[in-house]
Amino acid sequence: MDQLALHRRAQETFQATLANVGPDQWDLPTPCAGWTVADLVDHIIGGNTWVEGLAGREPVAVPQDDKATALVASANGAHDVFAAADGMSRMFELPFATLPGVAFIGLRTNDLYTHAWDLAKATGQSTDLDHELAIEGLKAVSARIQPQMRSAGGPFGPEQPCPDNATPADKLAAFLGRVV
């Protein structure tokens, strides 16, 4: 699969989900323990600008009072880093490892998509998001997440039960420890 195309689709999935968030929903809790909807959106914006910073670029200016505009600006900035001539080959110093762009973009894509699911769940939207992204994401995380990486309150909780007829997005969410 084209990693750049998947990353763009994950950004767009999160943006589309955010577009349906009402002004009275910013303080709602999300499936991410301790995070409100506003915290979750700030996390995604921050992750996008972090990509730019890791690449040695000045992050694009994002308006603090308009999260939707900030999200689009930061998404474009992050995507530009990965789309650069060296975006897939350059090395990124992360807190837990040094990874080439081709691996880092996969982590970012899964983070974006999973948090789009979290946002949809928190705000009462359909969690039946882009099936192909969910299938690709589940393949990737199934190969990467080891049992010792799962813990309550950690980045990946214990895998949760999920019906066989669940959507691909719900199956991915359950694998990552979300209650579907």
Side-chain angles (χ1 to χ4, degrees), residues 6-54 59-79 81 94-95 104-134 136-138 140-141 145 149-163 166-180:
L6 292 174
H7 181 257
R8 176 63 75 193
R9 283 170 54 186
Q11 293 280 9
E12 291 169 351
T13 298
F14 194 92
Q15 291 167 20
T17 307
L18 179 60
N20 295 313
V21 172
D24 60 335
Q25 295 180 306
W26 291 106
D27 293 327
L28 292 176
T30 70
C32 302
W35 284 8
T36 65
V37 167
D39 296 331
L40 182 69
V41 174
D42 288 343
H43 167 74
I44 293 300
I45 294 168
N48 284 334
T49 58
W50 180 54
V51 170
E52 292 177 283
L54 289 174
V60 296
V62 295
Q64 298 302 307
D65 59 341
D66 182 353
K67 290 189 187 301
T69 300
L71 178 64
V72 171
S74 70
N76 289 336
H79 194 75
V81 167
L94 306 179
F104 186 34
I105 194 173
L107 295 177
R108 290 293 306 141
T109 298
N110 284 329
D111 191 55
L112 287 157
Y113 184 82
T114 301
H115 286 316
W117 186 94
D118 293 330
L119 183 60
K121 183 80 165 173
T123 57
Q125 298 180 54
S126 171
T127 57
D128 188 11
L129 305 174
D130 186 315
H131 289 200
E132 188 176 28
L133 278 174
E136 289 298 317
L138 187 55
V141 297
I145 296 176
M149 300 168 79
R150 296 177 179 278
S151 64
F156 310 108
E159 185 172 356
Q160 298 298 306
C162 190
T167 68
D170 286 348
K171 288 178 181 180
L172 173 61
F175 181 81
L176 294 173
R178 273 89 167 152
V179 176
V180 296

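For clarity, every value in this text was computed on a predicted model and none was experimentally measured.
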- Taking all atoms of both residues into account, what is the closest heavy-atom pair of T13 and T17, and its distance? O-OG1, 2.8 Å
- Item | Shortest non-hydrogen separation from N48 to S74 and the atoms involved | ND2-OG, 3.2 Å
- Message: Can you give me the closest heavy-atom contact between A70 and I45, atom names plus distance?
- Response: CB-CD1, 3.8 Å
- Note on the structure: In this structure, OG1 of T30 is separated from CD of Q25 (nearest 0.5 Å) by 12.5 Å
- Query: Got a second to check how far T109's OG1 is from F14's CZ, nearest 0.5 Å?
  - Reply: 14.0 Å
- Measure the spacing between CZ of F175 and CD of E159 and express it to the nearest 0.5 Å. 5.5 Å
- Message: Apply side chain to side chain contact (heavy atoms under 4.5 Å, CB included) to residues L176 and W117 and explain how you reach the verdict.
- Response: CA-CA 11 Å; L176 294 173; W117 186 94; over 6 Å; no
- Do you see a donor-acceptor pair shorter than 3.5 Å between the side chains of Q11 and N76? no
- Query: In Å, rounded to the nearest 0.5 Å, how long is the span from CG of L172 to OG1 of T127?
  - Reply: 11.0 Å
- Message: Between V180 and Q160, is the side chain to side chain contact (heavy atoms under 4.5 Å, CB included) condition met? List the steps.
- Response: CA-CA 8 Å; V180 296; Q160 298 298 306; over 6 Å; no
- Geometric class of the H7/H79 ring pair [parallel <30°, tilted 30-60°, perpendicular >60°]: parallel
- Item | Approximate separation, where rounding is to 0.5 Å, of T123 OG1 and D24 CG | 10.5 Å
- Note on the structure: A120 and S126 have their tightest heavy-atom pair at CB-O, 3.5 Å
- List the steps and the verdict of side chain to side chain contact (heavy atoms under 4.5 Å, CB included) for Y113 and L6. CA-CA 10 Å; Y113 184 82; L6 292 174; over 6 Å; no
- Ion pair check, R178 and D170, cut-off under 4.0 Å: no
- Item | Salt bridge K121-D118, side-chain N to carboxylate O under 4.0 Å | no
- Message: Hydrogens and angles aside, do D111 and H115 bring a side-chain donor and acceptor to less than 3.5 Å of each other?
- Response: yes
- Item | side chain to side chain contact (heavy atoms under 4.5 Å, CB included) between L119 and V37, worked out | CA-CA 7 Å; L119 183 60; V37 167; 3.5 Å; yes
- Message: Please report the interatomic distance CD(Q125) to CG(L18), rounded to the nearest 0.5 Å.
- Response: 8.5 Å
- Note on the structure: Nearest heavy-atom contact between A174 and C162 is CB-CB, 3.6 Å
